[in-house]
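Below is one structure, written out as structure tokens; the observations come after it.
In what follows, chains carry the letters A, B, and so on, assigned in the order in which the sequence lines appear, proteins first and then strands, with residues in each chain numbered from 1.
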Protein chains: 2
Amino acid sequence: MVEAPRSTRQRRAVSALIADLDGFSSAQQIHARLVAEGETVGLSTVYRTLQALADSGEVDALRADDGETLYRNCSRGHHHHLVCRSCARTVEVEGPVVEQWADRIAAENDFTDVSHTLEIFGTCGSCRTGVGS
Amino acid sequence: MVEAPRSTRQRRAVSALIADLDGFSSAQQIHARLVAEGETVGLSTVYRTLQALADSGEVDALRADDGETLYRNCSRGHHHHLVCRSCARTVEVEGPVVEQWADRIAAENDFTDVSHTLEIFGTCGSCRTGVGS
DNA sequence: ATTCTTGCAAACTATTTGCAGAACA
DNA sequence: TGTTCTGCAAATAGTTTGCAAGAAT
């Protein structure tokens with residue numbers, strides 16, 4: 001049997017913060033932000049909490065290219081990100097096409113419990129115009 | 001100007017080994033295998049070489065869920081992966097639909113120089129059947 | 001009261017880097 | 001010969017874990 005975790009100040013703080021976040025954040029960023037808000041939480045606890053949340057499916061976890069694990073709220077609908085390489089501006093986009101494609105591909109190969117990660121990178125208009133390197 | 005790297009015994013050994021590999025291997029696995037074959041190569045050199053190869057586009061690099069970076073030969077064109085969560089079996093898939101969708105989304109938001117990452121995860125047939133939990 | 005959780009510090013893993021000597025062009 | 005490359009060891013970065021003290025039920 002799976003036990004529901006106890007409700008503690010720390011876990012509530014982490015969950016609350018995550019619920020407010022739009023994009024992805026690393027465990028360290030989340031911890032830093034909590035501390036900045038005046039919460040007293042240990043970094044290990046943040047890691048442990050995020051892992052638990054990810055295991056239970058309440059948050060999505062994904063590895064960034066630099067090796068950090070990023071987490072994001074998973075309550076709102078599934079969507080992806082269009083991120084500017086230069087200024088990191090992020091646009092949330094939905095892709096029914098992609099979802100369906102991914103499901104179909106998985107089915108064709110006899111895979112179940114399908115999930116996927118998708119990020120699009122590019123240079124946004126402002127960065128192209130305004131910022132010469 | 002980009003300088004072509006020098007041809008050394010170590011780099012040749014790494015390239016040769018990668019060319020022989022079918023799936024993904026970590027830097028450590030590649031190093032271990034080279035040593036096993038009798039090559040004398042330092043681990044750092046393997047890391048540096050793989051990075052260079054990845055930068056120049058000669059190999060694909062991808063982060064595994066456990067944090068290791070995996071490399072594979074990149075002779076064929078752009079494609080994505082369908083990976084089994086349980087046994088890590090990987091199927092290479094192509095997605096013209098996705099490529100087009102990504103380009104269109106980016107264009108709609110005035111982004112240029114578009115690239116994207118996409119991985120699909122699931123549980124493969126064998127793992128579903130064979131492994132009862 | 002008992003059991004789960006926290007936080008610190010130390011341990012770990014994968015990867016990167018400084019530097020002196022070796023290898024290439 | 002003048003760079004570039006290598007290998008070692010030490011340094012990083014992110015994350016995990018042991019354990020004693022603190023909370024939750």
Side-chain angles (χ1 to χ4, degrees), chain A residues 1-18 21 23-56 58-72 117, chain B residues 1-18 21 23-56 58-72 83 88 119:
Chain A
M1 274 292 108
V2 253
E3 313 288 341
R6 285 185 183 171
S7 170
T8 67
R9 173 175 51 77
Q10 294 89 330
R11 293 212 243 246
R12 261 176 271 124
V14 171
S15 296
L17 179 47
I18 289 237
L21 294 175
F24 283 96
S25 315
S26 70
Q28 316 238 16
Q29 290 174 325
I30 290 171
H31 174 249
R33 190 148 164 186
L34 287 173
V35 170
E37 288 178 359
E39 291 284 345
T40 54
V41 195
L43 179 55
S44 339
T45 301
V46 173
Y47 272 108
R48 282 187 278 230
T49 303
L50 288 172
Q51 267 186 344
L53 289 172
D55 284 347
S56 74
E58 291 179 64
V59 305
D60 264 0
L62 114 77
R63 286 270 171 187
D65 275 349
D66 74 333
E68 279 186 298
T69 301
L70 303 178
Y71 302 88
R72 74 160 169 204
T117 61
Chain B
M1 271 295 103
V2 255
E3 312 289 340
R6 283 185 183 171
S7 169
T8 67
R9 173 176 50 78
Q10 293 88 332
R11 288 202 235 232
R12 260 175 273 123
V14 171
S15 297
L17 179 47
I18 290 235
L21 293 175
F24 283 97
S25 315
S26 70
Q28 315 240 16
Q29 291 174 324
I30 291 171
H31 174 249
R33 189 148 163 184
L34 286 173
V35 170
E37 288 177 357
E39 291 284 344
T40 54
V41 195
L43 180 54
S44 339
T45 300
V46 173
Y47 272 109
R48 281 188 279 231
T49 303
L50 287 172
Q51 267 187 345
L53 289 172
D55 285 346
S56 74
E58 291 179 65
V59 304
D60 262 1
L62 114 75
R63 287 269 170 186
D65 275 349
D66 74 333
E68 279 186 298
T69 301
L70 303 178
Y71 302 88
R72 69 140 181 222
V83 187
E119 304 285 323

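Atom pair A:Phe24:CZ and D:dG14:C1' shows a separation of 18 Å (rounding to whole Å applied). Atom CG in B:Leu70 sits about 14 Å away from atom C1' in C:dT13, given to the nearest Å. Separating the CG atom of B:Leu43 from the P atom of C:dA14 is a distance of 10 Å, rounded to the nearest angstrom. In this structure, CD of A:Gln28 is placed 12 Å from C1' of D:dT12, rounded to the nearest angstrom.
Sorted by residue number, the members of residues 29-41 of chain A with any non-hydrogen atom under 4.0 Å from DNA chain C read A:Thr40, A:Val41. Within residues 44-51 of chain A, the residues having any heavy atom under 4.0 Å from DNA chain D are, by residue number, A:Ser44, A:Tyr47, A:Arg48, A:Gln51.
Nearest heavy atom pair, residue B:Leu43 against residue B:His31, reads N-NE2, 3.5 Å. A pairwise comparison of heavy atoms in B:Ser7 and B:Arg12 identifies OG-NE, 2.9 Å as the closest pair. The two atoms that bring A:Leu50 and A:Val14 nearest to each other are CD2-CG1, 4.1 Å, heavy atoms only. Nearest approach of B:Gln29 to B:Phe24, heavy atoms of both residues: OE1-O, 4.3 Å. The minimum heavy-atom distance linking B:Tyr71 with B:Ala54 is given by the pair CE2-CB, 4.4 Å. For A:Ser25 against A:Ile30, the heavy-atom pair with the smallest separation is CB-CG1, 3.8 Å.
For the atom pair CG of A:Leu53 and CG of A:Asp60, the computed distance is 11.5 Å after rounding to the nearest 0.5 Å.
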When the side chains of residues 32-42 of chain B are checked against the rest of the protein, which donor-acceptor pairs come out under 3.5 Å, sequence neighbours left out?
residue: B:Thr40; atom: OG1; partner: B:Arg9; partner atom: NH1; Å: 3.4

Polar atoms only, N or O, under 3.5 Å: list the protein pairs with nucleotides 23-25 of chain C and their distances.
residue: C:dC24; atom: O2; partner: B:Arg6; partner atom: NH1; Å: 3.0

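For B:Glu68, the side chain to side chain donor-acceptor pair (under 3.5 Å) criterion is met by B:Ser26, not counting sequence neighbours. Residues satisfying the side chain to side chain donor-acceptor pair (under 3.5 Å) test with A:Arg6, not counting sequence neighbours, are none.
Every pair passing side-chain hydrogen bond (donor to acceptor under 3.5 Å, both in side chains) that includes a residue from residues 43-52 of chain A is listed here, sequence neighbours excluded: A:Gln28-A:Tyr47.
For C:dT15, the OP1/OP2 oxygens have a side-chain nitrogen or oxygen of B:Thr69 closer than 4.0 Å.
Annotation: the terminal axes of the helix from C:dA1-D:dT25 to C:dA25-D:dT1 meet at 30°, where each axis is the rotation carrying the C1' atoms of four end pairs onto the next four (5 pairs per end, rounded to 10°).
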